Amino acid sequence: KLIGIETAGSMNLIFTDKTGTLTGGRLTVTEFVDGAGKTWDSAELARSGLPLHGLLKDCLRYNTSAVLEGKRAIGGNATDRAVLEFARSLQGGQDGLQSATLLPFSSEEKRMVSAVSGAWTATLVKGAPEKILPHCTTFVDPAGRVRPLGARLQVERALERYAAQSMRVIAVAVGEAGSKDPRALGALRLVGLLAIRDSLRPGTRKGVEQMQQAGIQTVMITGDAQATAVAVAREAGILRSDRERVISHD
């Protein structure tokens, strides 16, 4: 509409979403880090068949709002679809478990909690690392044994590395079955961290540069962690110096 073109001529500030706007919106799981800090790429995970990776498969396919339709996940949010399609490539796990959602994912809680029953019973948790890691006292090793988590230095280094690479990270953990309040789960067993990539759209950086040359300030808004948001903003050319401001709701 002509009135839109006329209004755009007076624009000096634009707010943009990140996922699906600056980035392609097609999320892909690229790596997994276990509680000991060992990194596995997606190809290694598909071949391994280790007990830990079977557990990871169950944690992802029974704690999701997406469903598989053939080889493609539908429904839920983009993260749920990405991790469910990734879970399909893993070996092991328990078929035929019954699951019930205790706490749907929300921007406030930043985690999803489900209860599973059948061949084994547990409470499955996945979501933002800052919401889950503080409750983890143990981790599951590749052989499926539960170990004391102890120092979290390796896990924290992995988080820093992924944030610097503009990756989204979700933590996956398991709790005891039978909890009535999903917000008071008690001690959790860390299964690991999933690193998820969403690459910039072709032409994003050039588009941002053209906006800036036209005197239009570009501001990115996202629900991702601050470190991830900063990395994407720098890659897109929105953040060009350390003097520019990043504002977090925290």
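Remember, predicted model here, so these are calculated numbers, not experimental data.
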Self-check item: Co-members of the apolar cluster containing Met220 [side chain, <4.5 Å]
Solution: Leu22, Leu200, Val208, Val232, Ile238
Practice problem: Please name all residues satisfying side-chain hydrogen bond (donor to acceptor under 3.5 Å, both in side chains) with Thr23, sequence neighbours left out, ordered by chain then number. | Solution: Asp198
Exercise. Sequence neighbours left out, what passes side-chain hydrogen bond (donor to acceptor under 3.5 Å, both in side chains) with Arg147? Give chain and number order.
Key: Asp141
Quiz item: In chain order, what residues pass the side-chain contact (heavy atoms from CB on, under 4.5 Å) check against Ala122, with sequence neighbours excluded?
Solution: Val116, Trp120, Leu124, Val174
Exercise. Output the rest of the hydrophobic cluster of Met11: all Ile, Leu, Val, Met, Phe, Trp and Tyr residues reachable through side-chain heavy-atom contacts under 4.5 Å, sorted by chain and number.
Key: Ile14, Met211, Ile216
Practice problem: Can you sort out the partners of Ser48 under side-chain hydrogen bond (donor to acceptor under 3.5 Å, both in side chains), two or more places apart, ordered by chain and number? | Solution: His53
Quiz item: For Phe105, which fellow cluster members are found when Ile, Leu, Val, Met, Phe, Trp and Tyr are connected by side-chain heavy-atom distances below 4.5 angstrom, either directly or through intermediates?
Solution: Met112
Donor-acceptor pairs under 3.5 Å, side chain of residues 88-103 to any protein atom, not counting sequence neighbours: which ones?
| unit_1 | atom_1 | unit_2 | atom_2 | d |
| --- | --- | --- | --- | --- |
| Ser89 | OG | Phe86 | O | 2.6 |
| Gln91 | NE2 | Ala46 | O | 2.8 |
| Gln91 | NE2 | Arg47 | O | 3.3 |
| Asp95 | OD1 | Arg61 | NH1 | 3.1 |
| Asp95 | OD1 | Arg61 | NH2 | 3.1 |

Practice problem: Can you tell me which residue pairs pass the side chain to side chain donor-acceptor pair (under 3.5 Å) test with a partner in residues 209-221, sequence neighbours excluded? | Solution: Glu209-Gln213
Quiz item: According to the salt bridge (charged side-chain N to carboxylate O under 4.0 Å, His left out) rule, which pairs have a member within residues 116-125, sequence neighbours left out?
Solution: none
Quiz item: Cluster partners of Val67, using ILVMFWY side-chain heavy atoms under 4.5 angstrom, listed by chain and number?
Solution: Ile74
Practice problem: Not counting sequence neighbours, list each pair that qualifies as a salt bridge (charged side-chain N to carboxylate O under 4.0 Å, His left out) and has a residue in residues 67-83. | Solution: Asp80-Lys126
